[in-house]
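Below, all heavy atoms of this structure are taken into account, side chains as well, without hydrogens, waters or symmetry copies. Quick caveat: nothing in here was measured; it's all calculated off a predicted structure.
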Number of protein chains: 4
Amino acid sequence: MVDKKEQILATALRLFVADGFHGTPTSKIALEAGVANGTLFYHYKTKEELMVALYNSIKGELANNILSFAQAEGFITTRFKNIFIHSVYWALKNPEKFYYIQQFNFSPHLAKVPKDIFKQQAMPYTQLIGEGIKKKLLRQQPEELVTALFNGQVYGVCQYLKSAGLDSGEQEKTINEAYDMVWDMLKYT
Amino acid sequence: MVDKKEQILATALRLFVADGFHGTPTSKIALEAGVANGTLFYHYKTKEELMVALYNSIKGELANNILSFAQAEGFITTRFKNIFIHSVYWALKNPEKFYYIQQFNFSPHLAKVPKDIFKQQAMPYTQLIGEGIKKKLLRQQPEELVTALFNGQVYGVCQYLKSAGLDSGEQEKTINEAYDMVWDMLKYT
Amino acid sequence: MVDKKEQILATALRLFVADGFHGTPTSKIALEAGVANGTLFYHYKTKEELMVALYNSIKGELANNILSFAQAEGFITTRFKNIFIHSVYWALKNPEKFYYIQQFNFSPHLAKVPKDIFKQQAMPYTQLIGEGIKKKLLRQQPEELVTALFNGQVYGVCQYLKSAGLDSGEQEKTINEAYDMVWDMLKYT
Amino acid sequence: MVDKKEQILATALRLFVADGFHGTPTSKIALEAGVANGTLFYHYKTKEELMVALYNSIKGELANNILSFAQAEGFITTRFKNIFIHSVYWALKNPEKFYYIQQFNFSPHLAKVPKDIFKQQAMPYTQLIGEGIKKKLLRQQPEELVTALFNGQVYGVCQYLKSAGLDSGEQEKTINEAYDMVWDMLKYT
DNA sequence: TATGAATGAGGTTTCATTCAT
DNA sequence: AATGAATGAAACCTCATTCAT
């Protein structure tokens, strides 16, 4: 039997995405996770703590996934491209997790996440962009602006792909072309 | 005394942004709007109806604001630039409204907004992009992808400006440079 | 139909005395008071607020009852005796209220009652004792000690009468004799 | 390391007095006593059993303390005075225990204590008063009334001393004078 | 003797909504 | 158009208690 704590997390993800935070009673999570009502509150003191734990767990998973590409050997440009492409792929393969993060990001619960955790997770990634700017591979703009625009693009492409319904060949092509566009935007001129 | 209906809407915006949908009881909205509990429900049959009405009201305001630029005389490229720049300015001048829209977009309540209203509001804007593609001023990519990337950039810039704390001169400069970058990404090559 | 707020108070008194604070769910109070669950919380924000309101209401009633005797014309000694005797009578006629006050006094909820309300209610009564001491009718001891001992006696007699099961003639006799004893204790010597 | 059972009892006393019975979860007692949740229930089958055990333990301690004075050789009047004075001292030295007993006495849990245990503990004490009445040292009133008034006075003095904040010399004087007053009330006339 | 994860009944409270005025 | 007392379903959460280890 899977760990009950994990089971609760997995069920919560499914239900929160389907019905929203407010639309999902803790009792339903417990029921569908196959645990008692009180068990949920034994592991997570409040509903919000559960929501935050789920958020951090997903962010951690995503960060781990990207980390290898950011820290790999090779040209900065290659690593940069890999990050973009695999971020999009991860989002497509984990639509619920991707959606959950968006949903959480635009909710007042975001305030409950300590900011340092944030920065720490984004670090390897911010570092790479910083390096790219310094080495005159990327535009001479503030690191934060470049990061924001880069992120905006990852999100924009995912948004498009979700609603476009392409086959996997077309998807790959689109992702590559989108990256070329992003590169045109961010590369040093 | 301002119209009570307006007062309710304004108070709801403030509270929804501060505390979230679920974190804001209708009774609190009524209280802080200076009306009786029942008055709120006289004007809006349900809480969700209030939320949707608020959403539509803001979207309408934004659309009106942008419309003039989209439909203006002149080069497509100029109109395109104007849309970008004034969207960003509007967002900066109306942070609560901008945030509310994001929050609503990532909530299950979005489903309650008829899709045709959506398309209708975005039309002048989508049309312009479609025209730009056809006339080979913009990249030969699906209209929806171009739109998604364009929107992603508006959002990315706003995100950056919100946290960067620049003076208005620097802000203007940043917005213009960001537009140049967007243009490098989307222009026909 | 009686005021619902009153009805809730009366029902709460009965149930709290019968089953204790913790042994009485708010839902039971509402049910037996013939109001909806939410109505109770409309009038009293929390269960504890209800408990405190009940306490203050009873104390107020008792204070009013005694006030007339304390402020009456006539010898201090007569007024003093009247207070004692009518306090005991009131307790015997209102056993639930009397018990409720004791129960509340020995609970942590007492801390929720503002102290100034306390002093204000006891004032006419404390004043009389102070006057008695100054005029050398009562023992030359601190006002507070005399008050404490006087109160201890009221409580002691009530305790005894409750368990003794006397008829009303014997009761009257006992109360009078008990007062004589109290007087022997407190009178100036 | 102290006996865990003792540790639980001591912690329970502290917390029950501070927060009340209902305000003190067993889990908190276990936590602050430094034992596991289940350990508490290993030693005391239910929470109420713990409460009663604590009550009996304190009553036993108090009874032992007083017993020696009640059963000592010498004049009844001396023993009587000693009981009064040492009861007050014990209460002042053990304010939490004294308060706990009051709190318990005015709670529905009192019913769970077998009545014979009660009478047995009070016996040496009641006996002394009975003897005093028979020998015409005390007033010719029912034994129970005299006992009730005597107890009321112990409580009254403690109440006063708790709030008066006297130094130990003044305290001793007050206790002695209070006893003189009690004696004036109860002595045979 | 001791543990602590797991339980589930039940408690307090919230809150959108109604309706008589 | 406006009110606010009243509602009751349902939510979150607590907590005494159990039991396998």
Side-chain angles (χ1 to χ4, degrees), chain A residues 1 3-5 7-8 21-31 33-50, chain B residues 3-5 7-8 21-31 33-51, chain C residues 1 3-5 7-8 21-31 33-51, chain D residues 3-5 8 21-31 33-51:
Chain A
M1 187 192 51
D3 195 312
K4 300 206 173 196
K5 219 173 158 182
Q7 192 55 38
I8 291 170
F21 295 125
H22 177 45
T24 308
T26 53
S27 58
K28 195 178 179 191
I29 298 173
L31 185 70
V35 303
N37 224 302
T39 306
L40 190 154
F41 286 96
Y42 178 73
H43 290 293
Y44 305 96
K45 270 202 290 288
T46 63
K47 186 184 188 179
E48 192 163 57
E49 190 175 307
L50 167 62
Chain B
D3 194 314
K4 298 205 172 194
K5 216 173 158 182
Q7 192 56 38
I8 291 169
F21 296 125
H22 177 46
T24 308
T26 52
S27 57
K28 194 178 181 191
I29 298 173
L31 185 72
V35 304
N37 224 309
T39 306
L40 190 153
F41 285 91
Y42 176 76
H43 291 292
Y44 304 96
K45 265 205 297 291
T46 65
K47 185 185 188 179
E48 193 161 57
E49 190 175 308
L50 167 61
M51 284 159 48
Chain C
M1 187 193 49
D3 195 313
K4 299 206 174 197
K5 219 172 156 180
Q7 193 55 39
I8 291 170
F21 295 126
H22 176 45
T24 309
T26 52
S27 56
K28 195 178 181 191
I29 299 173
L31 184 71
V35 304
N37 222 306
T39 306
L40 190 155
F41 286 92
Y42 178 75
H43 290 292
Y44 305 96
K45 270 202 290 289
T46 63
K47 186 183 186 179
E48 191 163 56
E49 191 174 308
L50 168 62
M51 285 160 47
Chain D
D3 194 313
K4 297 204 172 193
K5 216 173 159 181
I8 291 170
F21 296 124
H22 178 46
T24 308
T26 53
S27 57
K28 195 178 180 190
I29 298 173
L31 185 72
V35 304
N37 224 309
T39 306
L40 190 152
F41 284 91
Y42 175 76
H43 289 292
Y44 304 95
K45 265 205 296 291
T46 66
K47 185 184 188 180
E48 194 162 56
E49 190 176 307
L50 167 62
M51 284 159 48

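OP1 or OP2 of dT12(E) sits under 4.0 Å from a side-chain N or O of T26(C). For the OP1/OP2 pair of dA16(E) and a distance below 4.0 Å, the side-chain nitrogens and oxygens of T46(B) include no atom meeting the criterion. Residue T39(D) has a polar side-chain atom (N or O) positioned under 4.0 Å from OP1 or OP2 of dT3(E). In terms of phosphate contacts, K45(C) brings no side-chain nitrogen or oxygen within less than 4.0 Å of OP1 or OP2 of dT12(E).
Between L40(D) atom CG and dC19(F) atom C1' the separation is 16 Å, expressed in whole Å. Going from atom CZ of F41(A) over to atom P of dA11(F) covers 11 Å, rounded to whole Å. When the C1' atom of dG8(E) is taken as reference, atom CG of L31(A) falls 13 Å away, rounded to whole Å. Note: NE2 (H22(D)) to C1' (dT12(E)) measures 9 Å, nearest angstrom. Between the P atom of dC15(F) and the CZ atom of F21(D) lies a distance of 16 Å, rounded to the nearest Å. Between Y42(B) atom OH and dT3(F) atom P the separation is 11 Å, expressed in whole Å. Protein atom NZ of K28(D) is 12 Å distant from nucleotide atom P of dA16(F), rounded to whole Å. Atom CD1 in I29(B) sits roughly 12 Å away from atom C1' in dC15(E) (whole-Å rounding).
Toward the 5′ end of DNA chain F lies the nearest nucleotide of G23(D), the other residue of the pair G23(D) and G38(D) mapping further downstream. Taking the nucleotide of DNA chain F with the nearest heavy atom to each of K47(A) and H43(C), the more 5' of the two is matched to H43(C).
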When Watson-Crick pairs (N1 to N3 and N6-O4 or O6-N4) and G-U wobble pairs (N1-O2 and O6-N3) count only below 3.5 Å on both distances, what is the dot-bracket string of DNA chain F, with | for other-strand pairs?
.||||||||||||||||||||
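None of V35(D), T26(D), D3(D) except one satisfies the side-chain contact (heavy atoms from CB on, under 4.5 Å) rule with I8(D); the exception is V35(D).
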